[in-house]
Amino acid sequence: MSTLSQQPSEGANRERPTLAVVRAARLLADAGVEGARGEAEVLAAYVLGVPRGRLALADGFTAAQRHRFDALVTRRAAREPLQYLTGSAPFRYLELAVGPGVFVPRPETELLAGWGVEQARREAAPLVVDLCSGSGAIALAVAQEVPAARVVAVEGSPAALSWLRRNVASRAAGGDRAVEVVAADVTAPDLLAELLGRVDVLLCNPPYVPADIVVPPEVGRHDPPGAVFAGVDGLAVVRSVVPRAAVLLRPGGRFGIEHDDTHDEAVPRLLAADGRYGSIVDHADLAGRPRFATATRRRDAPDR
């Protein structure tokens, strides 16, 4: 793999960030990183401790900063996730701590979270559950944007739980209502038994990628496989969550679940086949790809 040019001599002036970014962007682009220039700017701003928008006005790199920047760019060129390098991922109005062992929240999931926020705001004191919470992105977004909500986040992975608890503690220290963390397998038949028939809004971003799908290196090498893949057709977890959500939701409660872009028919079909959901709608992401399905717990369909 090619390397970045060496640090100028100690007698030279500090190198301007813009010049370092140009070279880094070229290296990242050669490694197949999409949005290489933007990612190089993010890494430069991170090393210099300035907002990305003020990068052009920042002082040049010191020798130590340039060495650190070069090291981060080399790791990114090896397709380590950008968010692992900076230690954080943006999600709606939040910055979440992420790293090895937890799924990096994606921008498209912000749409499901936004839908959940809208539904929760219809209630005076809503009870919201987030299944497969991971870093806590959806749960914490709801807690921040709907202060009256009681939010319960469920995660089964010990590694992801540590990141979830860290983010929950950070947001609570910042003044948000604390999210309740439950360590549990979302496919368990007795999941959240104490909340049966009480949940106003239930959200879930489960693993849903079919096992034979080739994923980008950032996903295949670094995201936890259990947070990405879900059986041959990608629906293994969804099949368990759909009936359990129907039991947890109150009559009239709302359910939203993210899915693979090949599941625009399969997931609504599972919801309809359950018999306890109505108003089933599939939603596209900003790129026009099928992304999540929503439904309402029917009032005229008793629990099985």
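When reading the values below, keep in mind they use all heavy atoms of this one structure, side chains included, and skip hydrogens, waters and symmetry mates. Heads up: numbering here begins at 1 and tracks the sequence. This one's a predicted model, so the numbers in the text were calculated from it and none came from an experiment.
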So, R75 and D70, do they make that salt bridge, N to O below 4.0 Å? no

Under 4.5 Å between any side-chain heavy atoms of L202 and L131, yes or no? yes

Under the side chain to side chain contact (heavy atoms under 4.5 Å, CB included) rule, what do F292 and L111 come out as? Steps first, then yes or no, please. CA-CA 9 Å; F292 68 98; L111 299 176; 3.9 Å; yes

Given the rule in the side chain to side chain contact (heavy atoms under 4.5 Å, CB included) test, do L140 and V179 qualify, once you have shown the distances and angles that lead to the verdict? CA-CA 7 Å; L140 290 166; V179 168; 3.8 Å; yes

Check this for me: R16, atom CZ, are more than 12 non-hydrogen atoms of other residues, nucleotides or ligands nearer than 6.0 Å? no

May I ask whether W115 and Y277 are part of the same hydrophobic cluster, defined by side-chain heavy atoms of I, L, V, M, F, W, Y residues being less than 4.5 angstrom apart, directly or through others? no

Is it possible for you to say whether V33 and V47 belong to one hydrophobic cluster, with membership spreading through side-chain heavy-atom contacts below 4.5 Å? yes

Are Q83 and S88 linked by a side-chain donor-acceptor pair shorter than 3.5 Å? no

Could you tell me whether E108 and R289 make a salt bridge, using a distance below 4.0 angstrom between a side-chain N and a carboxylate O? no

Within the 4.5 Å heavy-atom criterion, are Y46 and L82 side-chain neighbours or not? no

Is there a continuous path of hydrophobic side-chain contacts, each under 4.5 Å between heavy atoms, that joins L249 to V182? yes

Exam field: side chain R298 to backbone G275, donor-acceptor pair closer than 3.5 Å: yes

For Y208 and H259: C-alpha separation, side-chain torsions, deciding distance, then whether ring pair (Phe, Tyr, Trp, His ring centres under 6.0 Å) applies. CA-CA 6 Å; Y208 54 66; H259 59 67; 7.2 Å; no

Between E80 and R221, is a salt bridge (charged side-chain N to carboxylate O under 4.0 Å, His left out) present by the stated rule, with each step listed? CA-CA 8 Å; E80 189 170 346; R221 299 175 191 165; over 6 Å; no

For S135 and N167, which heavy atoms make the closest approach, and how far apart are they? O-ND2, 3.0 Å

Determine, for R76 against E218, whether the closest basic-nitrogen to carboxylate-oxygen distance falls under 4.0 angstrom. yes

Basic-acidic side-chain contact under 4.0 Å: E110, R291: no

Is R254 salt-bridged to D200, going by a charged N under 4.0 Å from an acidic O? no

Side chain to side chain contact (heavy atoms under 4.5 Å, CB included) between F69 and L43, intermediate numbers included: CA-CA 7 Å; F69 177 67; L43 289 174; 3.9 Å; yes

Out of curiosity, does V104 fall in the hydrophobic cluster containing L112 (side-chain heavy atoms, cut-off under 4.5 Å, transitive links)? no

Euclidean distance, D264 CG relative to H283 NE2, rounded to 0.5 Å: 12.5 Å

Tell me, do C204 and V241 make a side-chain contact under 4.5 Å, heavy atoms counted? yes

Heavy atoms, side chains only, cut-off 4.5 Å: are Q144 and L94 in contact? yes

Please check if the side chain of Y93 supplies one atom and the backbone of A141 the other of a donor-acceptor pair under 3.5 Å. no

Please check: side-chain N/O of E123 versus main-chain N/O of A125, any donor-acceptor pairing under 3.5 Å? no

When you check the side-chain N and O atoms of D130 and S133, is any donor under 3.5 Å from an acceptor? yes

Ignoring hydrogens and angles, tell me if any N or O in the side chain of Q65 forms a donor-acceptor pair with the backbone of T62 under 3.5 Å. yes

If the threshold is 4.0 Å, N to carboxylate O, is there a salt bridge linking R276 and D300? no

Could you walk me through whether R269 and D282 pass the salt bridge (charged side-chain N to carboxylate O under 4.0 Å, His left out) test, one step at a time? CA-CA 11 Å; R269 189 183 302 122; D282 203 68; over 6 Å; no

Between I138 and F91, what is the shortest heavy-atom contact and its length? N-CE2, 4.1 Å

For H263 and P210, work out which heavy atoms get closest and say how close. NE2-CG, 4.5 Å

Evaluate the side-chain proximity of V199 to V128: yes if any heavy-atom separation is below 4.5 Å, no if none is. no

Can you tell me if CD on E194 sees more than 12 non-hydrogen neighbours from other groups inside 6.0 Å? yes

What's the shortest heavy-atom distance between A24 and V73, and which atoms? CB-CG2, 3.8 Å

A148 and P126 have their tightest heavy-atom pair at O-CD, 4.0 Å

So CZ of R166 and CG of L161: to nearest 0.5 Å the spacing works out to 14.5 Å

Please name the residue in the list V42, V50, T18 that meets the side-chain contact (heavy atoms from CB on, under 4.5 Å) test with L55. V50

Between CG on residue L248 and CG on residue L195, distance to nearest 0.5 Å: 6.5 Å

Ignoring hydrogens and angles, tell me if any N or O in the side chain of D190 forms a donor-acceptor pair with the backbone of A193 under 3.5 Å. no

Could you tell me whether the side chain of R244 and the main chain of T187 form a donor-acceptor pair under 3.5 Å? no

Go through the steps to decide whether R92 and E145 satisfy the test side chain to side chain contact (heavy atoms under 4.5 Å, CB included), and finish with yes or no. CA-CA 10 Å; R92 289 181 69 83; E145 298 176 49; 2.8 Å; yes

Between V129 and V201, is there a side-chain heavy-atom distance shorter than 4.5 Å? no

Value for CZ (F255) from OG1 (T296), rounded to nearest 0.5 Å, stands at 11.5 Å

Out of curiosity, does V181 fall in the hydrophobic cluster containing V146 (side-chain heavy atoms, cut-off under 4.5 Å, transitive links)? yes

Give a yes or no on whether the backbone of A149 and the side-chain of R177 come within a donor-acceptor separation of less than 3.5 Å. yes

Where is the tightest heavy-atom contact between C132 and V237, given as atom of each residue plus distance? SG-CG1, 4.5 Å

With the side chain counted from C-beta on, respond yes when V242 and L271 share a heavy-atom pair under 4.5 Å apart, and no when they do not. yes

Could you check whether any side-chain heavy atom of F61 comes within less than 4.5 Å of a side-chain heavy atom of L48, counting everything from C-beta outward? yes

